[in-house]
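Accompanying notes for the structure given below.
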Number of protein chains: 2
Amino acid sequence: MKNYVEDLAQTALFVGIEQENIEKLLGCIQAKVVEYKKDELIIEEGSKVYDFGIMLSGHGRAFKIDTMGRIIIITLLKKGSEIGVILAAGSNHKSPVSVQTEEDLSVLSVPFDGLITRCKNNCPQHDRLLRNYINIVAEKGMVLHERIDCLLKPTVREKIMTYLVRVSREQGCRTIAIPFDRYAMSEYLNIERSALSRELSKMKRDGLIDFHKSEFKLL
Amino acid sequence: MKNYVEDLAQTALFVGIEQENIEKLLGCIQAKVVEYKKDELIIEEGSKVYDFGIMLSGHGRAFKIDTMGRIIIITLLKKGSEIGVILAAGSNHKSPVSVQTEEDLSVLSVPFDGLITRCKNNCPQHDRLLRNYINIVAEKGMVLHERIDCLLKPTVREKIMTYLVRVSREQGCRTIAIPFDRYAMSEYLNIERSALSRELSKMKRDGLIDFHKSEFKLL
DNA sequence: GGAGGTATGTTGCGTACGCAACATAATATA
DNA sequence: TATATTATGTTGCGTACGCAACATACCTCC
């Protein structure tokens with residue numbers, strides 16, 4: 001456990017808490033480290049989730065399989081990513097997604113009750129932890145909202161622009177690097193990859209944007 | 001303030017807290033009642049939001065205006081609805097939506113800091129309140145996720161089915177009443193109203209569903 | 001009941017975009 | 001440098017669906 005504390009200090013959940021206090025807190029909230037093998041399921045679609053997790057290493061993905069058997073990627077996970085934060089805090093707990101590892105990795109697992117229940121030692125760091133947790137849940141909500149914002153746009157061009165403008169605002173610059181390759185971008189915006197490429201080319205021709213691979217410039 | 005306590009006891013924020021304790025809490029968290037006139041803005045798009053609200057009466061709507069000047073309804077608000085819960089709890093606070101009243105009404109306004117900061121009296125209800133709040137934020141996230149689930153479906157028919165099946169599961173019955181008229185339903189699923197009607201009719205012809213107005217039956 | 005208003009259903013037309021198939025560019029492998 | 005592999009771009013075709021215009025059902029208020 002101890003060797004993870006340094007990494008945990010970098011996460012959104014423990015931001016603002018000194019490392020020595022993190023160690024104390026971990027016991028307090030009944031956190032434990034769980035190891036997973038490659039391709040193992042951390043969360044199974046339909047199962048009930050009462051613990052949330054923080055990725056301590058490796059990569060994973062949250063996905064679901066729809067009625068036609070298509071795989072739909074919901075999120076990609078890396079070191080520091082949170083797992084099941086909304087689920088554990090909700091009242092239903094039944095997971096709409098599966099979470100699977102892409103390699104051997106370990107996860108810090110925390111029962112939501114351990115987090116929310118005020119410990120007898122009444123440590124002040126607990127407050128900060130709770131505040132951080134609420135913050136994470138809220139930010140996840142914002143991220144979902146932002147995606148809906150793109151999805152609601154009627155045309156491919158507007159979807160693209162909505163997304164690019166947002167990222168540009170976030171990065172405070174008209175030249176931006178996006179965290180997607182074309183395929184992932186097309187999935188995020190719910191467009192065919194080829195249709196996305198087609199429209200991007202048109203937009204370049206129209207002098208709206210310039211781009212090369214994942215670098216975009218708004219004109 | 002006092003006369004609202006009974007109503008507040010019915011809300012998700014105060015569930016599980018006895019009325020006499022609610023009254024105490026309200027002072028503790030620095031809640032106040034704010035009156036709004038018809039068509040007044042409670043939240044303005046782009047403004048920073050640090051307080052959340054609970055609708056004490058009347059109706060309102062959360063919306064945004066996109067680049068083409070179209071009005072996009074995000075949520076409809078009624079007595080008991082929460083306002084700005086995710087925003088106040090987030091780290092950015094800048095609102096992507098406007099919230100406007102549809103008539104004269106009043107709102108219980110609570111600074112997020114008042115909620116999250118442990119009061120000196122250290123009242124046990126405060127814990128429950130926090131737990132309820134996290135619950136609300138998480139549920140809002142789930143709701144957004146569910147909508148994305150529909151929006152990601154490639155065809156109108158699949159969007160419709162995804163939505164109806166979910167509501168059917170929620171209500172535990174194959175015959176359901178949905179809270180939308182056709183137009184609202186089409187907006188929620190991001191479909192043209194006429195295209196929605198067309199597909200619904202086809203689905204009825206195909207023996208997939210039956211419906212009359214807002215009553216649907218899955219076959 | 002009639003008249004106006006709103007919600008819902010129907011239909012023809014045109015096109016944006018899904019789809020498939022191929023072309024080219026970038027990257028890895030040897 | 002040649003070769004396989006993967007990312008991205010291009011293009012023709014067909015259709016699902018947006019759009020507009022109209023039809024019908026339902027509701028409300030004289």
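Each chain gets a letter, A, B and so on, in the order its sequence line appears, and its residues count up from 1.
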Q: Measure from CE on A:M185 to P on D:dA7 and round the result to the nearest Å.
A: 16 Å
Q: May I ask you to decide if the ring planes of B:F211 and B:F216 are parallel, tilted or perpendicular, using 30° and 60° as cut-offs?
A: parallel
Q.
Between the base of D:dG9 and the side chain of A:R205, is one N or O donor paired with an acceptor at under 3.5 angstrom?
A. no
Q: Describe, as an angle rounded to 10 degrees, how the axis at the first end of the helix from C:dG1-D:dC30 to C:dA30-D:dT1 is tilted relative to the axis at the last end, five pairs per end.
A: 40°
Q) Where along residues 206-219 of chain A does a heavy atom fall under 4.0 Å from DNA chain D? A) A:F211
Q: To the nearest Å, give me how far apart CG (B:D181) and P (D:dC26) are.
A: 16 Å
Q) Expressed in angstrom and rounded to an integer, what is the separation of A:L189 atom CG from C:dG18 atom C1'? A) 15 Å
Q: With the side chain counted from C-beta on, respond yes when A:I86 and B:M142 share a heavy-atom pair under 4.5 Å apart, and no when they do not.
A: yes
Q: Give every residue pair that meets the salt bridge (Lys or Arg N to Asp or Glu O under 4.0 Å) criterion with at least one member in residues 170-186 of chain A, sequence neighbours excluded.
A: A:R166-A:E170
Q) At their closest point, which heavy atom of B:V107 faces which heavy atom of B:M55, and how far apart are they? A) CG2-SD, 4.3 Å
Q. Considering only heavy atoms from C-beta outward, does the side chain of B:Y133 approach that of B:L129 to under 4.5 Å?
A. no
Q: Report the distance from atom CG of A:L196 to atom P of D:dA7, rounded to the nearest whole Å.
A: 15 Å
Q) In whole angstroms, how far is the C1' atom of D:dC17 from the CG atom of B:L200? A) 14 Å
**Q.** SB check B:E199 B:K159 (cutoff 4.0 Å)
**A.** no
Q) Got B:M161 and B:L208 here, is their nearest side-chain heavy-atom distance under 4.5 Å? A) yes
Q: For B:S194 and for A:E199, locate the closest nucleotide of DNA chain C by heavy-atom distance; then report the residue assigned to the nucleotide nearer the 5' terminus.
A: B:S194
Q. Side chains of B:N135 and B:R131: donor-acceptor distance under 3.5 Å anywhere?
A. no
Q: Starting from the 5' end of DNA chain D, give me the residue, B:R193 or B:K202, whose nearest nucleotide shows up first.
A: B:K202
Q: Starting from P on D:dC17, measure out to CG on B:N190 and report it in whole angstrom.
A: 12 Å
Q. Which part of the nucleic acid does A:I191 contact within heavy-atom distance under 4.0 Å: base, sugar-phosphate only, or nothing?
A. sugar-phosphate
Q: Report the distance from atom CE of A:M203 to atom P of C:dA16, rounded to the nearest whole Å.
A: 15 Å
Q) Could you give the CD-to-P distance, from B:E192 to C:dG9, as a whole number of Å? A) 15 Å
Q.
Please tell me if B:S201 has a side-chain N or O lying less than 4.0 Å from either OP1 or OP2 of C:dT10.
A. yes
Q: Give a yes/no answer on whether the side chain of A:R198 brings an N or O atom under 4.0 Å of OP1 or OP2 in D:dG9.
A: no
(Q) Would the distance check show the side chain of A:T101 and the main-chain N or O of A:E40 forming a donor-acceptor pair, the cut-off being under 3.5 Å? (A) yes
Q: Please work out if A:T155 contacts a base, only the sugar-phosphate, or nothing of the nucleic acid, heavy-atom cut-off 4.0 Å.
A: sugar-phosphate
Q) Taking the six-membered ring for Trp, are A:Y188 and A:Y163 parallel (under 30°), tilted (30 to 60°) or perpendicular (over 60°)? A) tilted
